[in-house]
Number of protein chains: 2
Amino acid sequence: MEKKKFYSIGEIADKTGVSIRTLHYYDDIGLLTPAKDESSGHRKYSEDDIMKLQKIISYKFIGFSLEQIKEILSEQKFNMNLVDSLMMQKKLFEKEKKRIETSISAIDRAIKIIHEHGEIDSVVLMSLIRSMQTEDKQREWLESYFDKDVVDMIYVQTEGEMQKLDNVFIDFTKRVKELVGSPVDSPEVINLIEEYMKSTLSLFDDNFMETLATQTGNLDEINYDELEKLAPTPFSKEEEEWLNKAMEYYIEQSNFGEN
Amino acid sequence: MEKKKFYSIGEIADKTGVSIRTLHYYDDIGLLTPAKDESSGHRKYSEDDIMKLQKIISYKFIGFSLEQIKEILSEQKFNMNLVDSLMMQKKLFEKEKKRIETSISAIDRAIKIIHEHGEIDSVVLMSLIRSMQTEDKQREWLESYFDKDVVDMIYVQTEGEMQKLDNVFIDFTKRVKELVGSPVDSPEVINLIEEYMKSTLSLFDDNFMETLATQTGNLDEINYDELEKLAPTPFSKEEEEWLNKAMEYYIEQSNFGEN
DNA sequence: TATAAAGCCTAACGTAACTGTAGGTTCAAG
DNA sequence: CTTGAACCTACAGTTACGTTAGGCTTTATA
């Protein structure tokens, strides 16, 4: 004589931490369908139901959808398939983890920048964040023009270097937005660009500059549209055009790359 | 005379990687509402719209909801508030990251177990996973009965130890399910329990055992219901009762703890 | 024993951030 | 002039529930 004990939905909710509504829902979609008391219509959960629910919770934790869980639970074979699914789930999780990690460091970077600069143009901030977000694709893009080790050299930076670069970049954009429109041969403009180049390049050693020079061949063929998608500039069209001219002028003047 | 250039929705989608449908959606909810060509009704995006979209993408990446983004973009103050929000987002991300990490190691553990044992009772597998999932709460529970350092000792295990424990545990459950119902004084049963205890306890050193002994005072007052919620057993009621009796018998027989 | 409170029921709507589809209009090229 | 690509609106669907609303049942208390 087995006296089967049943539990009410509230008890199950307490026991497992799954809400009543969720249990209703699982019943609705046929995932966990307990017996019902004939007269009252109240659900009554058996020990088996509880075990099944534990499995459901576990599979959910591992990342399966309720639809998938339904399948898994109904299959007897169970095994072959499961390992594959587990590995897939793992890959998905690892991707997500990576995404979260970049998001976290983007946040850190943003916070630091705000602290350092106080009120900051959101456009600039965004362009930095966006460029982190697409770093992988930026690398790919760069690697289609330069050797991998050159690209690595560009990206291998310490925390401190990066922060320094951020600051330089932000100051630079600020000045650009102030000076836009003024004659490209004015001392301020020349000074601005000179300062910026020096600060930026100072982070790379001579070795790098040489390597870069040997590979800077057919720059005319570069696909700039692609790049724009990956790292939007914090400048308006107008600012950008002005900046280009200023750069050109500066390079001509200082016969950069000749000697 | 400024010649304003506009872009079609398709061009924007190409430029930014955001789908046309999503751009429609952003328009619908009033997040990004480009001008429209009077006659055709086609959306036309300005440079400003593109910048705004870049910001939207960035804020999304950092974890804000579209609703929040709408607010952020409409505010001029922008600054004070933003840093706080960023820190909050960071915390959320860090929580999520932790969750993912446990999920990943749960998967690893499950895969190893399946490889090791081939066909394995899913109930057992689930109970292991579930217990990882609730490890934090389990610790809390334990710490309400033992000192923190004792609890730490229980949980500090190397990869290898953990795997060994998993295997021991799984073999144990298998045997229990085979032997359930047989007399608790039979040699097989005694042997089973002896083996299990030895394997389990062998992982802890004497120091630990002593500490544990001094603290094992009022075990009667333990709140088992709480525990059940955190670490469901892989046994049915029947199996569990039988196992309890077998344990009691074994402990009496072997005058465990008296010495 | 009456009644209140707690617990349970179904049914329907709401959520976030989209994706998909149907049926129709506009634009660009040959 | 036609054809195909690009665009439009409008509606439905997705996941895994949360949140009511309105009405039974069961349990505890006066």
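These figures come from a predicted structure and were not determined experimentally.
Distance NZ/A:Lys112 to CG/B:Leu86: 13.5 Å, rounded to 0.5 Å. Between the CG atom of B:Leu243 and the NZ atom of B:Lys245 there is a distance of 11.5 Å, given to the nearest 0.5 Å. Going from atom OH of B:Tyr7 over to atom CD of B:Glu47 covers 4.0 Å, rounded to the nearest 0.5 Å.
When rounded to the nearest whole Å, the span between CG of A:Leu53 and C1' of D:dA16 equals 15 Å. Rounded to whole angstrom, the span from the NZ atom of A:Lys70 across to the P atom of D:dA16 amounts to 11 Å. Rounding to whole angstrom units, CG of residue A:Asp14 and P of C:dA6 are separated by 15 Å. A:Asp37 has its CG atom 18 Å from the P atom of C:dG7, to the nearest Å. Between the CG atom of B:Leu92 and the C1' atom of C:dA16 there is a distance of 16 Å, rounded to whole Å. If you measure from atom CG of A:Leu66 to atom C1' of D:dT14, you get 13 Å, rounded to the nearest angstrom. Taking atom CD of B:Glu38 as the reference point, atom C1' of D:dC8 lies 15 Å away to the nearest angstrom. A straight line from CD1 of A:Ile56 to P of D:dC17 spans 10 Å, rounded to a whole angstrom.
Of the side-chain N and O atoms in B:Ser8, one or more sit less than 4.0 angstrom from OP1 or OP2 of D:dC7. Put simply, A:Arg43 has no side-chain N or O that comes within less than 4.0 Å of OP1 or OP2 on C:dC8. Checking the phosphate oxygens (OP1, OP2) of C:dT26, no side-chain nitrogen or oxygen of B:Lys36 falls inside 4.0 Å.
Side-chain N or O atoms of B:Thr134 include none that pairs as donor or acceptor with a backbone N or O of B:Lys137 at under 3.5 Å. A side-chain donor-acceptor contact under 3.5 Å links B:Lys52 to the backbone of B:Leu31.
Both A:Ser39 and B:Glu11 sit near DNA chain D, but only B:Glu11 has its closest nucleotide nearer the 5' end.
Using modelled atom types and a 3.5 Å distance limit, the side chains of A:Tyr59 and A:Gln68 yield no donor-acceptor pair.
Across all strands, B:Lys60 comes closer than 4.0 Å only to sugar-phosphate atoms, never to a base (heavy-atom distances).
Taking every heavy atom of residues 19-33 of chain A and every atom of DNA chain D, pairs under 4.0 Å involve A:Ser19, A:Arg21, A:Thr22, A:Tyr25, A:Tyr26, by number.
For the side chain to side chain contact (heavy atoms under 4.5 Å, CB included) criterion with A:Ile9, the lone passing option out of A:Val18, A:Ile20, A:Asp14 is A:Ile20.
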